[in-house]
Each structure stands twice: as C-alpha cells, then as structure tokens.
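Only one structure is covered here, and it is reproduced in the block below.
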Amino acid sequence: MCSPSATLTVWAGSWLAGCSAPDDILEALYAWAPQHTIAAGDPATGGRNDLPWSSRGNLPGTGVMALLKVIRETMAQPGAQLRLVLPVPGDVRGLPAGTVFAADAVDTGEGLLIGVPGTDGTGLIPQWADDTLQWTVYSTPIPPAPGPDMSLGEAEYAMREAVRDAADALMQLHTTSVNAAESDPRELIEAELADYSKHDYPESIPLRARRILNSADHVAAILTVAQREPASSPTSATAIGAQEDLLRPLWDAIRAARLVAVHAAARGTS
C-alpha cells in the first residue's frame with residue numbers, strides 16, 4: 001500500500017461493508033507505525049468530536065479507536081463517501097479549495113475526505129512524529145469528485161505500460177552511471193518491494209484492484225531506484241529538467257492508478 005491514508009481508506013471501506021473487523025484496521029495501521037493517535041485540527045472540530053486540539057508543532061492526541069468512531073459517525077450520513085487524495089504541487093484536484101485541510105494535504109502528499117459531496121464533512125491527514133503517526137481531524141467542505149475515475153481496465157493497462165516504461169527509464173539512467181558495473185538495480189528494487197509488501201489488503205478487495213496496486217508498487221520501486229542512481233543526481237538545470245521529464249509522467253500514472261484502485265476497493269466494486 002502506498003500510504004497510511006490509502007491503507008485506512010481501503011480497510012475502512014471493508015469494515016463499513018461488514019467484511020473486516022475493527023482489529024483488522026488497527027493491525028493494518030500498526031504496520032505503518034507502532035503508535036497512532038488522533039487529534040482535532042482546531043478547537044471547534046475538537047469540541048464536536050470530543051478530541052484534543054493539535055496545533056502545529058504540538059502533537060497531543062487520544063487513542064486510535066477514536067479514529068474509527070469519527071469515520072463511522074461521518075459515514076452514517078446517506079450518500080457519504082470515503083475519498084483518498086494524493087495531491088502534489090500543481091495538481092490539487094479533489095481538494096476543497098482555500099481550506100487548511102487542502103494546504104496540509106499538499107504538504108503531506110496525502111489525506112482522506114469523508115462525507116457527502118457538496119456538504120461539510122471530515123478530513124483526515126496523517127502526520128509523523130518520530131515513531132508515532134498522528135491523525136489530524138479537520139472539519140472541511142467535501143467538494144464534488146474532480147471527474148470520473150478511469151476504469152479499472154484502463155488503470156490496469158496503464159500500469160502494464162508503466163512497468164515497461166519505468167524499466168526503460170531505469171536502464172537509461174543506469175547505463176550512463178559511472179558505477180553501473182558495481183550496482184545491481186534488481187536487488188534494490190526487491191528491497192523496495194519488500195517494504196510495500198508489509199502492507200496487506202483486505203480479502204474483500206476486488207482482484208483487479210489488487211493487481212493494479214501491486215503493479216503500481218512495482219513501478220514505484222523501479223522509479224525510486226532510478227532516482228537513486230548516481231547518474232540521476234544531476235548537477236545542471238538542463239540535466240535536472242531532463243530527469244524530471246523522464247520520470248514525472250510515470251509518477252503521475254502511478255498516482256492516478258492508485259486512486260482508481262483504492263476507490264474501487266473502498267466501494268467493493270470490480
């Protein structure tokens with residue numbers, strides 16, 4: 001799984017559908033960090049949810065079971081949805097514009113929106129503090145979905161193409177490295193994939209969504225290794241731009257495919 005927010009989205013969807021137990025969610029979260037806490041992002045949200053308030057640089061919190069309570073209560077509204085967000089600078093589709101949640105989600109690169117589109121709902125963002133992962137709760141508008149996701153079939157095809165293109169990009173960077181003969185990128189890729197494999201999926205996840213997420217992890221592992229190649233530490237602006245042009249479309253493809261697969265898994269659709 002690519003992030004704590006993706007893990008929570010998938011497992012919470014399975015739990016709400018009656019296919020997983022609360023302990024299953026907690027076990028999946030503990031694969032990310034040995035300790036989780038939850039706190040409100042502002043005093044008003046804290047009062048509504050009976051949570052301590054967390055300001056920046058100050059990370060109080062309560063136990064992680066409160067996280068499940070917030071999700072269950074928000075999802076009790078008719079039409080409520082779980083929506084993963086994986087924003088990056090320059091692409092903030094799906095975020096509620098002008099909100100603290102949106103700004104913090106861009107800083108963190110992930111988050112989870114919960115509620116009925118077009119109404120006020122809840123946002124969750126994980127923040128690291130040493131070995132603790134704190135989930136901050138935000139009161140935030142839930143914007144309409146930025147547009148229909150591509151189909152699972154389209155996402156699966158895109159990931160098959162991305163595996164090939166990522167391997168080509170790695171080869172291009174590796175063969176120009178002065179240390180190419182001394183390093184074996186296959187071992188580095190396997191090490192990256194081993195980290196991803198620590199994060200499992202519910203049995204209820206659609207098979208095609210599982211394949212997409214596994215392929216996305218494979219592409220991400222290749223790209224991570226490619227970025228670590230000695231030749232991929234360019235010293236000129238031209239070289240930096242060339243590397244970004246080579247790898248950025250593949251990272252974008254991974255992000256889009258993961259969103260499709262996670263949302264399908266949270267809905268239990270194939």
Side-chain angles (χ1 to χ4, degrees), residues 1-36 38 64-65 67-68 70-72 74-75 80-86 94 108-114 124-126 128 133 135 145 149-163 166 189-224 250-251 253-270:
M1 197 72 71
C2 62
S3 67
S5 296
T7 292
L8 181 57
T9 304
V10 170
W11 281 96
S14 178
W15 168 54
L16 293 167
C19 299
S20 298
D23 285 348
D24 296 326
I25 303 178
L26 301 183
E27 183 177 351
L29 291 178
Y30 289 143
W32 285 103
Q35 183 175 354
H36 292 251
I38 179 172
V64 70
M65 285 301 294
L67 183 66
L68 305 189
V70 169
I71 293 173
R72 184 183 65 244
T74 308
M75 287 295 292
Q81 302 174 357
L82 293 166
R83 189 192 306 164
L84 175 68
V85 292
L86 298 173
T108 308
E110 62 176 289
L112 173 59
L113 286 169
I114 313 169
L124 296 172
I125 294 179
W128 293 94
L133 192 58
W135 295 86
D149 287 336
M150 59 179 158
S151 69
L152 286 174
E154 290 170 328
E156 189 170 18
Y157 176 78
M159 283 301 93
R160 285 200 299 266
E161 294 289 298
V163 170
I189 293 168
E190 289 300 321
E192 292 292 329
L193 285 172
D195 285 338
Y196 284 117
S197 69
K198 297 175 184 176
H199 307 288
D200 202 2
Y201 314 113
E203 291 185 2
S204 59
I205 187 173
L207 180 59
R208 177 170 274 180
R210 181 187 293 270
R211 289 200 301 262
I212 291 168
L213 291 170
N214 286 336
S215 295
D217 290 346
H218 190 187
V219 178
I222 296 172
L223 296 183
T224 299
L250 293 169
W251 283 117
I254 291 171
R255 192 159 52 93
R258 280 172 167 164
L259 288 170
V260 170
V262 166
H263 291 156
R267 296 190 302 264
T269 57
S270 57

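Because the structure is predicted, anything quoted here is derived from the model rather than measured. Sequence positions, counted from 1, serve as the residue numbers for this chain.
- At least one donor-acceptor pair closer than 3.5 Å links the side chain of H36 to the backbone N or O of L29.
- A donor-acceptor pair is defined here as one N or O able to donate and one able to accept, closer than 3.5 Å; such a pair exists between the side chain of R210 and the backbone of P202.
- R255 places a side-chain N or O within 3.5 Å of a backbone atom of L86 that can act as its donor or acceptor partner.
- Atom CD1 in I212 sits 11.5 Å away from atom CG in L259 (nearest 0.5 Å).
- Closest of all the heavy-atom pairs between G111 and I125 is CA-CG1, 4.2 Å.
- Rounding to the nearest 0.5 angstrom, the gap separating the CD atom in E110 from the OG1 atom in T7 is 9.0 Å.
- No more than 12 heavy atoms of other residues, nucleotides or ligands shown are found within 6.0 angstrom of CD on E27.
- Between the D24 side chain and the A21 main chain, a donor and an acceptor come within less than 3.5 Å of each other.
- Put simply, OG1 on T108 and CH2 on W128 are 11.5 Å apart, with the number rounded to the nearest 0.5 Å.
- Atoms CG and OG, from L124 and S5 in turn, are 8.0 Å apart once rounded to the nearest 0.5 Å.
- Taking 4.5 Å as the limit, some side-chain heavy atom of M65 sits within range of a side-chain heavy atom of L26.
- Residue P22 comes nearest to W15 through the heavy atom pair CG-NE1, 3.6 Å, listed as atom of the first residue, atom of the second, then distance.
- Put simply, the side chain of E156 does not reach to within 4.5 Å of the side chain of S215, judged on heavy atoms.
- Other residues, nucleotides and ligands contribute at most 12 non-hydrogen atoms within 6.0 Å of the OH atom of Y157.
- In terms of heavy atoms, Y201 sits closest to W11 at C-CZ2, 3.4 Å.
- Shown here for R72 and L16, the closest heavy-atom pair between the two residues is CA-CD2, 4.5 Å.
- Rounded to the nearest 0.5 Å, atoms NE2 (H263) and CG (L84) are 5.0 Å apart.
- In this structure the side chain of E192 never reaches within 4.5 angstrom of the side chain of I189, judged on heavy atoms.
- In this structure, the side chains of L8 and W135 come closer than 4.5 Å at one or more pairs of heavy atoms.
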M159/N214 under side-chain contact (heavy atoms from CB on, under 4.5 Å): CA gap, chis, key distance, verdict: CA-CA 9 Å; M159 283 301 93; N214 286 336; over 6 Å; no
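- In this structure, I71 and I25 have side chains that are not in contact, with every pair of non-hydrogen atoms separated by 4.5 Å or more.
- Residues L112 and T9 come closest through the heavy atom pair CD1-OG1, 3.2 Å.
- Side-chain atoms of H199 never come within 3.5 Å of backbone atoms of C2 as a donor-acceptor pair (strictly under, hydrogens ignored).
- For the pair L223 and I254, the minimum side-chain heavy-atom distance is below 4.5 Å.
- The shortest heavy-atom contact between G13 and L82 is N-CD1, 3.6 Å.
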